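Right, one structure below, let's go through it.
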Amino acid sequence: MMSFNLIGYSIFISLMAFIIVVVGKICYRNGNVFVAELIPGHLALCQQINKILLIGYYLVNIGYCAVNLSFWQVISSTPMLVEVIAVKMAGIIIILSALHYLNIFLLTTQVQKLIKQQ
């Protein structure tokens, strides 16, 4: 019989991969417009900044999910399996949303400072 942990890992990795890819595509597509508004007249630079942000987003997500897998407890029942997956996913999503808003804040404040210096 397959252990609950292996089932949990499979479900967790599948759901997180889906969330990471979908959110990454949405942020990348909408981020181009946002970054272009911050630095008008520098479209190529804006696209490169947005690509770097996407790469960083994927690296942080993949790394955090991988580390998160190593801290799972032994799962002994189906209700515990659902609880562990929900808690682990919620933790990652909360941290990512905080990082997203921090990123927006830093981009808006730092880019505006750079524009004013020129």
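Not measured: the values here are computed from a predicted model.
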Task: Heavy-atom check, side chain of Met89 versus side chain of Ile19, under 4.5 Å - done: yes
- [ ] Might you work through the side chain to side chain contact (heavy atoms under 4.5 Å, CB included) test for Ile20 and Cys65, ending with a clear yes or no?
- [x] CA-CA 10 Å; Ile20 289 169; Cys65 287; 4.0 Å; yes
- [ ] State, yes or no, whether a side-chain contact exists between Lys88 and Met16 at a heavy-atom distance under 4.5 Å.
- [x] no
Task: Any side-chain heavy-atom pair of Leu43 and Asn32 under 4.5 Å - done: no
Task: Nearest-0.5 Å distance, CG of residue Leu102 to CD1 of residue Ile95 - done: 13.0 Å
Open item on the list: Return the CG to CZ distance between Leu53 and Phe34, rounded to the nearest 0.5 Å.
Closed with: 10.0 Å
TODO: Start with the C-alpha gap between Asn5 and Val84, add the side-chain angles, then the distance that decides, and say whether side chain to side chain contact (heavy atoms under 4.5 Å, CB included) holds.
DONE: CA-CA 10 Å; Asn5 278 66; Val84 168; over 6 Å; no
Open item on the list: Would you say Ile55 ends up clustered with Ile49 if hydrophobic residues are merged whenever their side chains have heavy atoms under 4.5 Å apart, either directly or through other cluster members?
Closed with: no
Open item on the list: Before you tell me yes or no, could you show the steps for Leu6 and Ser3 under side chain to side chain contact (heavy atoms under 4.5 Å, CB included), namely the whole-Å CA-CA distance, both residues' side-chain angles and the distance that decides it to 0.1 Å?
Closed with: CA-CA 6 Å; Leu6 292 177; Ser3 77; 3.6 Å; yes
Open item on the list: Holding to ring-ring contact (aromatic ring centres under 6.0 Å, His included), I want the full list of residues that pass it with Tyr64, two or more places apart in sequence or in another chain.
Closed with: none
TODO: Indicate yes or no: at least one non-hydrogen side-chain atom of Leu96 is less than 4.5 angstrom from one of Ile92.
DONE: yes
Task: Minimum side-chain heavy-atom gap Ile7-Phe12 below 4.5 Å - done: no
Task: Co-membership, hydrophobic cluster, residues Ile93 and Val82, 4.5 Å side-chain - done: no
Open item on the list: Measuring from atom CD1 of Ile85 to atom CD of Glu83, what distance do you get when rounded to the nearest 0.5 angstrom?
Closed with: 11.0 Å
TODO: Identify the two heavy atoms, one from Ala36 and one from Cys46, that lie closest to each other, and give their separation to 0.1 Å.
DONE: CA-SG, 3.5 Å
Task: Listed partners of Tyr28 passing ring-ring contact (aromatic ring centres under 6.0 Å, His included), at least two apart - done: none
Open item on the list: Go through it in stages, so that I can follow the logic: the residues are Asn103 and Tyr57, the test is side chain to side chain contact (heavy atoms under 4.5 Å, CB included), and I'd like the CA-CA distance, side-chain angles, deciding distance and then a yes or no.
Closed with: CA-CA 10 Å; Asn103 195 13; Tyr57 166 81; over 6 Å; no
- [ ] With rounding to the nearest 0.5 Å, note down the distance linking CG in Leu59 to CG in Leu54.
- [x] 9.5 Å
TODO: May I ask whether Val21 and Ile13 are part of the same hydrophobic cluster, defined by side-chain heavy atoms of I, L, V, M, F, W, Y residues being less than 4.5 angstrom apart, directly or through others?
DONE: no
